[in-house]
Amino acid sequence: VAFVLIGFMGAGKSTVAAQLAATLGGRALESDTLLEQRLGHSIAHEFQARGEVSFRASEEQVVCELLADVGPRDTVALGGGSVLSESVRTALAEHLTLLLDVDPSVAWERVQASPDGPERPLARDFDAFAALHAERRELYERLADAVLLWAESSSGSAYPVLIGRGLLQSGRERRLAEIWPLDRSRSRPFLISDQTVSTLYAQRLGEVLAEAGPIEILPGESHKTLASAEHVWSELVRTGMTRADHVVALGGGVVGDLAGFCAATYQRGVPVVHVPTTLVAQVDSAYGGKTGVDLPAAKNYIGAYHQPAAVIVDPDTLTTLPAAELAAGWVEVLKTALIAGGELWERVWSSNGCEVDARTIIDCAATKLAIVAADERDSGARQALNLGHTVGHAIETVTGYERYRHGEAVGLGLLVALRLSGAEELRAQVRDLLQARDLPVALDGVAVDVEEILAAIDRDKKRLGTGGVPFVLLSKPGEPRIGCEVSGSELRAAVTELIVS
Ligand SMILES: NC(=O)c1ccc[n+]([C@@H]2O[C@H](COP(=O)([O-])OP(=O)(O)OC[C@H]3O[C@@H](n4cnc5c(N)ncnc54)[C@H](O)[C@@H]3O)[C@@H](O)[C@H]2O)c1
């Protein structure tokens with residue numbers, strides 16, 4: 001099985017194919033280059049001299065030959081229009097077809113800036129270009145086994161994110177082993193999961209499963225601890241994991257954070273592949289490399305930045321997720337939409353219920369990856385992702401990590417952040433959205449006093465030196481403001497309101 005990249009012109013297929021091939025250890029091949037070699041001149045010239053029909057016939061022949069000839073773990077970048085051919089579409093079935101998506105205006109700028117940009121026959125007028133993009137996108141989405149996001153970070157690490165329904169489907173274990181992003185003959189996978197997810201999904205990893213079987217922790221936030229980490233480290237030693245091997249984190253954010261932390265620290269660091277199975281993890285926690293465990297006194301206090309080697313997401317695993325977990329995960333979708341604004345906010349705001357489609361998972365992941373790419377270590381823009389989290393984490397801590405799910409606590413934190421932002425209308429809207437999904441909008445019936453929450457906020461790890469805890473505020477969707485100072489009295493009032501309302 002080869003990895004075949006499809007997508008519109010200007011999506012970056014050639015660049016990403018080269019990077020993916022380096023990760024997979026196979027060759028990077030490009031159909032347009034091969035076609036031009038075969039023709040002896042440029043595609044633009046062929047288009048002009050012989051017309052589109054003749055060009056498509058030559059393209060079909062070259063692409064079909066290429067797809068018949070590629071080896072396992074090779075990466076192929078296909079010309080944007082090559083999938084118009086039925087023979088090409090048939091040949092794709094043998095491979096893993098990955099859609100590299102791109103916004104039409106970004107694609108337009110890239111194409112115009114490329115050396116042959118002015119000559120490209122299908123890129124002469126933006127409106128026609130955008131219309132063609134919309135038309136092709138439908139076809140690409142239908143053909144693709146998964147969407148590929150190429151995650152980059154300022155430290156220079158880069159990794160593939162594959163998001164596709166059915167990637168973990170029962171009966172397709174063999175295929176998953178074939179498309180596994182790390183070379184298993186050199187690096188053995190060691191699976192870490194919680195008991196619930198392990199029972200449901202460990203077998204789906206088939207051949208990827210280490211001989212020793214999954215290392216399991218108990219499910220839930222109260223087990224995201226150093227004690228669980230010690231259990232995992234000990235099991236990795238017992239089962240013979242070496243520095244050449246890698247960890248696979250199969251589960252929600254708790255497993256991802258814990259297994260990522262164990263990977264970051266085991267023998268000073270081994271790679272980790274995330275296979276997230278909750279909404280929180282698929283839209284947020286699996287990306288960006290923050291790993292860690294909680295202390296009784298403070299959440300995520302012990303940890304490390306450790307970027308994944310790859311992330312594999314099957315949205316169909318959400319079908320087994322209990323409704324309350326789905327709702328809690330939806331709060332991270334809401335948070336991401338508030339930060340992103342625009343079309344994502346419109347879609348999330350006007351949605352009913354907590355079910356999200358694959359497109360929304362992809363958009364949330366892409367939003368987070370773009371922010372992390374600009375600021376991996378939380379020194380600037382990345383702090384926006386903490387919207388609602390300062391108070392949310394404090395609530396989780398003072399209630400012993402058992403009363404509220406992470407997403408539920410973040411929902412309450414969002415209400416405080418919007419009160420502090422003076423965004424009354426937006427706060428009311430968010431409150432309605434939470435309430436409509438049976439999510440808490442107040443600390444009902446919980447014996448917790450405001451002082452405890454304020455003390456936990458004060459211990460927040462975003463606090464630097466003796467300064468106050470910087471807050472993320474947001475007056476309008478799409479316009480988060482980081483590093484905001486909030487007075488003690490304003491904070492007390494906003495938290496108190498949550499307790500009494
Ligand atoms: N690292 C980051 O950037 C980041 C970002 C956001 C959240 N987080 C962390 O994520 C954690 C919360 O993650 P979570 O909400 O996924 O919790 P979780 O991992 O505890 O999962 C919730 C529950 O769902 C079960 N479960 C998981 N997948 C399932 C499936 N497909 N079907 C049935 N049951 C399933 C689990 O066993 C668990 O009981 C918190 O610790 C939070 O701090 C980290």
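All ligand and atom numbering here is 1-based and tracks the order in the structure. Note that the coordinates shown come from a computational prediction; the quantities given were computed from them, not determined experimentally.
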For [atom], which candidate among [options] holds the nearest heavy atom?
| atom | options | result |
| --- | --- | --- |
| atom 36 (C) of ligand 1 | Thr196, Asn300, Asp194 | Asp194 |
| atom 15 (O) of ligand 1 | Asp257, Asp314, Val280, Leu200 | Val280 |
| atom 12 (C) of ligand 1 | His406, Glu332, Lys224 | His406 |

Do His389 and His406 have ring centres separated by under 6.0 Å? yes
Would you mind telling me which of Ile312, Val311, Val147 makes a side chain to side chain contact (heavy atoms under 4.5 Å, CB included) with Val161? Val311
Among Thr317, Leu326, Asp284, side chain to side chain contact (heavy atoms under 4.5 Å, CB included) partner for Leu279: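 Only one of Thr317, Leu326, Asp284 forms a side chain to side chain contact (heavy atoms under 4.5 Å, CB included) with Leu279, namely Leu326.
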Could you tell me whether a side-chain N or O of Glu235 sits under 3.5 Å from a main-chain N or O of Val232, the two making a donor and an acceptor?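 Between the backbone of Val232 and the side chain of Glu235 there is no qualifying donor-acceptor contact (under 3.5 Å).
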Taking Thr291 for its side chain and Gly303 for its backbone only, find out whether a donor-acceptor pair lies under 3.5 Å. no
Do Leu369 and Tyr159 make a side-chain contact, defined as non-hydrogen atoms from C-beta onward lying under 4.5 Å apart?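 Yes, at least one pair of side-chain atoms sits under 4.5 Å.
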I want to check something: taking the side chain as every heavy atom from C-beta on, are Leu414 and Leu434 in contact at a cut-off of under 4.5 Å? no
Contact partition for Ser285 relative to ligand 1, non-hydrogen atoms under 4.0 Å: both
Where does Gln195 meet ligand 1, judged by heavy-atom distances below 4.0 Å: at the side chain, the backbone, both, or neither?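 Neither; nothing of Gln195 gets under 4.0 Å from ligand 1.
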Is there a polar contact, in the sense of an N or O pair closer than 3.5 Å, between [X] and ligand 1?
| X | answer |
| --- | --- |
| Tyr287 | no |
| Lys290 | yes |
| Arg382 | no |
| Gly253 | yes |
| Val197 | no |

Protein residue, atom and distance nearest to [atom], heavy-atom basis:
| atom | answer |
| --- | --- |
| atom 28 (N) of ligand 1 | Thr277 OG1, 2.8 Å |
| atom 22 (C) of ligand 1 | Glu325 OE1, 3.3 Å |
| atom 18 (P) of ligand 1 | Val254 CG2, 3.8 Å |
| atom 16 (O) of ligand 1 | Thr278 OG1, 2.5 Å |
| atom 29 (C) of ligand 1 | Leu321 CD1, 3.4 Å |
| atom 3 (O) of ligand 1 | Lys368 NZ, 3.1 Å |

I'd like to check which ligand 1 atoms, numbered from 1 as shown, lie under 4.0 Å from a non-hydrogen atom of [X].
| X | value |
| --- | --- |
| Pro219 | 37 (O), 39 (O) |
| Gly252 | 16 (O), 19 (O) |
| Tyr201 | 31 (N) |
| Thr320 | 30 (C), 31 (N), 32 (N), 33 (C) |
| Lys299 | 40 (C), 41 (O), 42 (C), 43 (O) |

Heavy-atom contact under 4.0 Å between [X] and ligand 1?
| X | result |
| --- | --- |
| His393 | no |
| Glu221 | yes |
| Glu396 | no |

Under a 4.0 Å threshold between the charged nitrogen and the carboxylate oxygen, would [Y] count as salt-bridged to [X]?
| X | Y | answer |
| --- | --- | --- |
| Glu138 | Arg142 | no |
| Asp432 | Arg437 | no |
| Arg492 | Glu451 | yes |
| Glu141 | Arg359 | yes |

Per side-chain hydrogen bond (donor to acceptor under 3.5 Å, both in side chains), Glu376 is matched among Arg382, Gln307, Lys290 by Gln307
Quick one: CD on Glu424 to CD on Gln429, what's the gap to the nearest 0.5 Å?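 Going from CD on Glu424 over to CD on Gln429, the span is 13.0 Å.
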Indicate whether any N or O donor in one side chain lies under 3.5 Å from an N or O acceptor in the other, for Trp233 and Thr265.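 Checked: Trp233/Thr265 side chains pair up, N/O donor to acceptor below 3.5 Å.
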